[in-house]
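Worksheet: one structure, shown below.
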Amino acid sequence: QFTDEPLHFRTPYRESPSLSKLTGLNVWLKFENGQPSGSFKIRGIGHMCQKCVLKGCKRLVCSSGGNAGMAAAYAARKLSAPITIFVPQTTSNLTVQNLKQEGAEVQVIGSVWDEANDAALEFTKQDGFVYVPPFDNPLLWEGHSSIIKELDSKPDMVICSVGGGGLLCGVVQGLQACGWNDVPVLAVETVGAHSFNEALIAGHLVTLPGIASIAKSLGAKTVCQGTLEVAKEHPIIACTVTDKDTVKSMSTFLDDEKVLVEPACAASFAVLYNGQINKLMQERVELKNVKKVAVIVCGGTQITIGQLNQWKKEFDV
Ligand SMILES: COC[C@H](NCc1c(COP(=O)(O)O)cnc(C)c1O)C(=O)O
């Protein structure tokens, strides 16, 4: 029945010998792929679902590119709450089946997350239905901030991926809760899903015309306003990586670390494998003395070995 125990697990945090050797840095990995539902999402989504169920709700409604939905379906089952999840057509059939297996009702609507989200908001107008967003809510950021609180010591930098910006807001909230306000965050997007990079350059939110990247889990056409707020108060550097480098990194990471991750996750360590980090450290004064780097291996279920091999052929890596 109802539990107010956190629904997420503490995850392993250890050095990567191969990435440390390659970059000359002290690279540590936070394995959020080991969470129930397969990604970091359960931290924020679980926290928010618990609050909603505690307050009383007839049905949870979640929109997602896939992984937030997986976390919401898992949380709903643990909290014995009914849930309907709206996902875009870019969500893999495997994920749709997995969502149904968790007991969720699933609606596949729209070509990108934004359209599935519009349908979810419409559906939530029914009495007693409560909307759980995938990235834009302070309760999510509060839940995600627990990632940083589990680190054994202060890192010199944190690297994380950005889709809608919920993970980034949670990471910054965690760093500030630990008094590590001077620890810069490298926010990584794939080219074609780079709404945060665009917003930082413009100084206001920018809506991409579409998502032109294989990293569909980063496929929010507009990041949440909260990312621009945190960028005003915390050292954040944004960068992009190509789909090609991301696929190459998925493959190398699988060989080196024996962990299969989706493009949204691999983007975070693609900057290490392709040497971008070393260039950035020469260009950006705030990264000059960085030695210990904490990379959030955010996980995600939208990947199979077959899909990776198909992408390796497609991108010739
Ligand atoms: C469209 O999708 C948004 C969200 N995925 C977000 C996501 C991110 C980025 O997290 P965010 O910046 O959205 O909080 C990173 N890594 C993985 C594996 C993810 O699934 C979702 O599942 O609904």
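Atoms within a ligand are numbered from 1 in the order they appear, just like the ligands themselves. Keep in mind it's a predicted model, so treat the numbers as computed, not measured. We count residues from 1, following the sequence as given.
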Proximal atoms of ligand 1 relative to Leu218 (non-hydrogen, under 4.0 Å): 8 (C), 9 (C), 15 (C)

Polar contact flag for Ser39 and ligand 1 (N/O pairs, less than 3.5 Å): no

Protein residue, atom and distance nearest to atom 23 (O) of ligand 1, heavy-atom basis: Gly65 N, 2.7 Å

Atom of Met250, atom of Ile303 and distance for their closest heavy-atom approach: CE-CD1, 3.3 Å

Atom indices of ligand 1 within 4.0 angstrom of Ala68 heavy atoms, with elements: 21 (C), 22 (O), 23 (O)

Nearest-neighbour protein heavy atom for atom 17 (C) of ligand 1, which is reported as residue plus atom name and distance: Ala264 CB, 3.8 Å

Lys/Arg-Asp/Glu bridge criterion (N-O < 4.0 Å) met for Arg43, Glu32: yes

Heavy-atom neighbours of Asp316 CG exceed 12 at 6.0 Å: no

Polar proximity ligand 1 side, Gly166 side, N/O cut 3.5 Å exclusive: yes

Phe31 ring center near Tyr13 ring center (under 6.0 Å): no

Heavy-atom side-chain proximity of Tyr131 to Leu121 below 4.5 angstrom: yes

Ligand 1 contact by Met70, heavy-atom criterion under 4.0 angstrom: no

Close-contact set for ligand 1 against Pro134 heavy atoms, below 4.0 Å: 23 (O)

For Asn67, atoms of ligand 1 separated by under 4.0 Å from a heavy atom: 18 (C), 19 (C), 20 (O), 22 (O)

Heavy-atom donor-acceptor pair, Glu189 side chain to Asn197 backbone, under 3.5 Å: yes

Contacting atoms of ligand 1, where contact means under 4.0 angstrom from a heavy atom of Leu167: 11 (P), 12 (O), 14 (O)

Side chain Trp141, main chain Phe135, donor-acceptor under 3.5 Å: yes

Main-chain N/O of Phe129 paired to Arg59 side chain as donor or acceptor, under 3.5 Å: no

Short N or O distance, Ser217 and ligand 1, threshold 3.5 Å exclusive: yes

Nitrogen or oxygen of Gly69 less than 3.5 angstrom from that of ligand 1: no

Main-chain N/O of Leu208 paired with Glu198 side-chain donor or acceptor, under 3.5 Å: no

Atom indices of ligand 1, in the order listed, that fall short of 4.0 Å to a heavy atom of Cys298: 15 (C), 16 (N)

Under 3.5 Å: donor-acceptor pair, side chain of Glu257, backbone of Ser16: no

Where ligand 1 meets Ser64 - atom numbers and elements under 4.0 angstrom, heavy-atom basis: 21 (C), 22 (O), 23 (O)

Check: Gln302 side chain, Gly65 main-chain N or O, donor-acceptor pair, under 3.5 Å: yes

Min N/O separation Phe40 to ligand 1 under 3.5 Å: no

Atom 4 (C) of ligand 1 - nearest protein heavy atom and its distance: Lys41 NZ, 3.2 Å

Any Cys265 heavy atom less than 4.0 Å to ligand 1: no

Heavy atom of the protein closest to atom 13 (O) of ligand 1 (residue, atom name, distance): Gly164 N, 2.8 Å

Gln302 and ligand 1 - part of the residue with a heavy-atom distance under 4.0 Å: neither

Short side-chain to backbone donor-acceptor contact, Glu115 and Ile109, under 3.5 Å: no

Short side-chain to backbone donor-acceptor contact, Lys292 and Asn26, under 3.5 Å: no

Test of proximity, Gly163 against ligand 1: N or O pairs below 3.5 Å: yes

Gly299 N/O under 3.5 Å from ligand 1 N/O: no

Gly219, any N or O under 3.5 Å of ligand 1 N or O: no

Per-atom contacts, ligand 1 versus Gly300 - under 4.0 Å to a heavy atom: 18 (C)

Ser20 side chain vs Pro17 backbone, donor-acceptor pair below 3.5 Å: no

Within-cut-off N or O pair, Glu262 and ligand 1, under 3.5 Å: no

Val162 near ligand 1 by a heavy-atom separation under 4.0 Å: yes

Partner residues of Asp156 under the side-chain hydrogen bond (donor to acceptor under 3.5 Å, both in side chains) criterion, sequence neighbours left out: none

